[in-house]
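What you see below is based on every heavy atom in this structure, not just the backbone, and it leaves out hydrogens, waters and symmetry mates.
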Amino acid sequence: MDPKSQRLRLNDGHFIPVLGFGTYAPEEVPKSEALEATKYAIEVGFRHIDSAYLYQNEEQVGQAIRSKIADGTVKREDIFYTSKLWATFLRPELVRPALEKSLKNLQLDYVDLYIIHFPVALKPGEELLPTDENGKALFDTVDLCRTWEALEKCKDAGLTKSIGVSNFNHQQLERILNKPGLKYKPVCNQVECHPYLNQSKLLDFCKSRDIIPVAYSALGSQRVKGWVNLNHPVLLEDPVLHAIAKKHKQTSAVIALRYQLQRGVVVLAKSYNKRRIKENLQVFNFELPPEDMKTIDGLNQNLRYCDFSYAVGHPDYPFRPRVTHHVFYQNIMLPEL
């Protein structure tokens, strides 16, 4: 099946491809790899590309998109590109300049989707993760409803086709949805979602409000020291997933991706490995029977790889902190979001 034809309608009338290519890589990975991997992903059939200002690779990702337009592989309207408003830009007056900065790095006229990356505001400035002398994150206080109004203006200005959120809990979504004078609803909520954290309640809430759930870390998470709890089990080594993969002659990664698609979730697949990038497109070539879906549902542990521990204590921190561990981030690594 042609992955390009698999799309879901957003609540504003635009369409989002159900399988996206995630471009995040840890700091030590050369930025040139984002260029080559994104070019290859487009060549083999990906049409939904997900990046963010935080990833510091939009220049390379934009270059990849433009080169594939220039060589005739795609037209601009074939590509669905997502960027994200980082936490240091949540003040309303900083929103449009932040998007314009991303557009300048990308060398594109518009993005298809612009989303609030994380609801906890950080002190504005050049630093992505500003901290005090003790390594503690420097918070800011921003009304997310005002931030949302600034996003609405970006949509009206044609800088983005659609607007959404990421890492919002259902109360934070309600706050936007119930805002007096709301012009546009969020089209999506991009959240960590995989068999160990299947987010069933949040997904049901989003769908009841015509908000598309988008899954990041759908394959578990890269083992980024200082960010991800390295004691957590590796999702793709799960024996239950292995057994289902073997039955369908697929990889565990493809099973984890297919699981999301069958739940009506848009899913991001991240890999810089060419073989795996192509392999992940196998997701359209088979279907999981109900018993396999139920078995995978049973793997849920509410286990969160990316818990943004630096933001614990801020009133807009969206997750219930896990009491089983606490990591103090002296040297904060850039996250996988």
### Query
Tracing side-chain links under 4.5 Å among I, L, V, M, F, W and Y, which residues wind up in one group with L203?
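Besides L203, the hydrophobic cluster comprises V265, listed by chain and residue number.
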
### Message
Out of the candidates K246, R258, K247, only one should pair with D292 under the salt bridge (Lys or Arg N to Asp or Glu O under 4.0 Å) rule; please name it.
### Response
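Single pass found, and it is K247.
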
Looking only at the side chains, is there a donor atom on one of [X] and [Y] sitting less than 3.5 Å from an acceptor on the other?
X: S217; Y: E192; answer: no
X: N273; Y: S271; answer: no
X: D297; Y: Y259; answer: yes
X: Q60; Y: N57; answer: no
X: D156; Y: Y184; answer: yes
X: D50; Y: Y216; answer: no

### Query
Does C206 offer a backbone N or O that forms a donor-acceptor pair with the side chain of H170 under 3.5 Å?
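It does not hold such a pair.
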
#### Entry: Q260 side chain vs L257 backbone, donor-acceptor pair below 3.5 Å
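Pair absent, no side-chain N/O of Q260 close to backbone of L257.
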
Once you measure the plane-to-plane angle for [X] and [Y], does it fall in the parallel (<30°), tilted (30-60°) or perpendicular (>60°) bin?
X: F319; Y: F308; value: tilted
X: F286; Y: H248; value: tilted
X: Y310; Y: F118; value: tilted

Spatial distance of atom [atom1] ([X]) from atom [atom2] ([Y]) [nearest 0.5 Å]:
X: F89; Y: S102; atom1: CZ; atom2: OG; value: 8.0 Å
X: Q63; Y: I65; atom1: CD; atom2: CD1; value: 11.0 Å
X: W148; Y: D143; atom1: CH2; atom2: CG; value: 13.5 Å
X: L113; Y: H14; atom1: CG; atom2: NE2; value: 10.0 Å

Do [X] and [Y] share a hydrophobic cluster (ILVMFWY, side-chain heavy atoms under 4.5 Å, transitive)?
X: V254; Y: M293; result: yes
X: V312; Y: L129; result: yes
X: L54; Y: L94; result: yes

Salt bridge [X]-[Y], side-chain N to carboxylate O under 4.0 Å:
X: D12; Y: K183; result: no
X: E174; Y: R209; result: yes
X: E291; Y: K294; result: no
X: E59; Y: K31; result: no

### Task
Report the C-alpha distance between H232 and Y196 in whole Å, list the side-chain angles of each, state the deciding distance to 0.1 Å, and finish with yes or no for ring-ring contact (aromatic ring centres under 6.0 Å, His included).
CA-CA 10 Å; H232 283 349; Y196 287 167; 9.1 Å; no

### Task
Using the salt bridge (charged side-chain N to carboxylate O under 4.0 Å, His left out) rule, take E279 and R276 through it: C-alpha gap first, then chi angles, then the decisive distance, then the call.
CA-CA 5 Å; E279 220 166 51; R276 287 198 289 269; over 6 Å; no

Other residues, nucleotides, ligands: >12 heavy atoms within 6.0 Å of [X] [atom1]:
X: K155; atom1: NZ; value: yes
X: K153; atom1: NZ; value: no
X: K123; atom1: NZ; value: no
X: D109; atom1: CG; value: no

### Message
A cation-pi test, strictly: NZ or CZ of K270 under 6.0 Å from the centre of the six-membered ring of Y24 and no more than 45 degrees from its axis. Yes or no?
### Response
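Judged by the rule (NZ or CZ under 6.0 Å from the ring centre, within 45° of its axis), K270 is not positioned above Y24.
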
### Query
Do the numbers put R175 on top of the ring of F168, so that NZ or CZ is under 6.0 Å from the six-membered ring centre and no more than 45° off the axis?
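So R175 doesn't make the cation-pi contact.
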
### Message
Before you tell me yes or no, could you show the steps for D210 and K207 under salt bridge (charged side-chain N to carboxylate O under 4.0 Å, His left out), namely the whole-Å CA-CA distance, both residues' side-chain angles and the distance that decides it to 0.1 Å?
### Response
CA-CA 5 Å; D210 200 17; K207 289 176 187 178; over 6 Å; no

Which heavy-atom pair separates [X] from [Y] by the least distance, and what is that distance?
X: R91; Y: D140; answer: NE-OD2, 2.7 Å
X: L268; Y: A218; answer: O-CB, 3.9 Å
X: P186; Y: I211; answer: O-CG1, 3.4 Å
X: H117; Y: W86; answer: ND1-CE3, 3.7 Å

### Message
Listing request: all salt bridge (Lys or Arg N to Asp or Glu O under 4.0 Å) pairs with a residue in residues 259-269, at least two apart in sequence or in separate chains.
### Response
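Every candidate salt bridge (Lys or Arg N to Asp or Glu O under 4.0 Å) pair involving residues 259-269 fails, so no pair, neighbours aside, qualifies.
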
### Task
State, yes or no, whether a side-chain contact exists between I212 and V187 at a heavy-atom distance under 4.5 Å.
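In short, these two side chains do not touch, never coming nearer than 4.5 Å.
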
### Query
Taking the side chain as C-beta and beyond, is there a heavy-atom pair between L303 and L197 under 4.5 Å?
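Side chain of L303 against side chain of L197, heavy atoms only: no contact under 4.5 Å found.
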
### Candidates V165, I115, I116 - the one meeting side-chain contact (heavy atoms from CB on, under 4.5 Å) with Q190
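Single side-chain contact (heavy atoms from CB on, under 4.5 Å) partner of Q190 among V165, I115, I116: I115.
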
